[in-house]
*Asks:* 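Take a look at this one; I'll ask things after.
Every number for a ligand or one of its atoms is a count from 1 in the order of the listing.
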Amino acid sequence: MSLLELTKVGRRFGAIQALDDISLTVEEGELRAIIGPNGAGKTTLFNLISGSFPPSEGQIRFDGQPITAVNPDTLVRRGIIRTFQITQVFLSLSVYQNLRVAVETAMGLQLRPWISRRTRAEVEAKVEELVAVTRLGNKLDRIVGEMSHGDQRVVEIGIALSRHPRLLLLDEPTAGMGEEETHHMTDLIRRLNGDQGITIVFVEHDMAIVFGIADRITVLDNGTMLAEGTADEIAANPRVQAAYLGSELEETAA
Ligand code: ATP
């Protein structure tokens, strides 16, 4: 059974058919990239999977259960986590405080006036785990609002991890980042997928990243699914080349 399964999914906005007849599956443990030109329907696809709005047609199943009309909060509890939709990053708090609040919230402790020493130790252990995975250990006292965009996005992922995602949706994770930050983010995504076994679907415009890390690539074009396959298959696909990236793809794959 696939972790995520879309069957003949479509979404209309008035006269605009943003997505049409999309059928795709994502297997547990996969690292899947969604690419396509501007307006192809990538954000709409994420909105459907994360429950921001329902599809106009078709069905979406997660872990074998229909989620077509399930609200985003319930989906978060079931393990579909999209970074921006989870608890906001608190810009005026430090990295440590953000991670701690996230862990306490995930454990349902935020409204408790008192927590036992044992529970506190459990919270601290979980925060330590997040620090280790995100490699934010040398930045724990930094105020998040004063950090670089790249670091803020890593904190955001740390917060997402506190919810134990089964499916992590990353919307342009390296957008606006410099070379070093991009490298750090790419490495983090790889480790989350490879070491932690988290299934990840990401939308990305940077083809070097897509072709460097994705197990499989789904190409959307004008609301339809143009192609799906491994990096080699997508790079060699004449329809993809003709309709979309052309020489850029060939250069990346070379
Ligand atoms: P980009 O790479 O530019 O972010 P995208 O692939 O994410 O593009 P979408 O944002 O999903 O594409 O948009 C697909 C189509 O649906 C576009 O024609 C867009 O104008 C339209 N669309 C998306 N959301 C809405 C909405 N809420 N209301 C009306 N039209 C919408």
*Asks:* Are there over 12 heavy-atom neighbours, none belonging to D141, within less than 6.0 Å of that residue's CG?
*Replies:* no
*Asks:* Indicate yes or no for a side-chain donor-acceptor contact from R100 to the backbone of V123 under 3.5 Å, with no hydrogens or angles considered.
*Replies:* no
*Asks:* Mind checking what makes side chain to side chain contact (heavy atoms under 4.5 Å, CB included) contact with N222, not counting sequence neighbours?
*Replies:* none
*Asks:* Would T43 count as a polar contact of ligand 1, with the cut-off being nitrogen or oxygen pairs under 3.5 Å?
*Replies:* yes
*Asks:* Yes or no: does P37 have any heavy atom under 4.0 Å from an atom of ligand 1?
*Replies:* yes
*Asks:* Under 4.0 Å from atom 19 (C) of ligand 1, can you find at least one protein heavy atom?
*Replies:* no
*Asks:* Check whether any heavy atom of H205 sits under 4.0 Å from an atom of ligand 1.
*Replies:* yes
*Asks:* Students should be able to answer this: which protein heavy-atom is nearest to atom 14 (C) of ligand 1, and at what distance?
*Replies:* G39 O, 3.4 Å
*Asks:* For K139, what residues pass the salt bridge (charged side-chain N to carboxylate O under 4.0 Å, His left out) criterion, not counting sequence neighbours?
*Replies:* D151
*Asks:* Looking at atom 27 (N) of ligand 1, what's its closest protein heavy atom, distance included?
*Replies:* F13 CE2, 3.6 Å
*Asks:* Return yes when G36 approaches ligand 1 closer than 4.0 angstrom through a heavy atom, no otherwise.
*Replies:* no
*Asks:* Using a 4.5 Å cut-off on heavy atoms from C-beta on, say whether the side chain of E27 contacts that of R32.
*Replies:* no
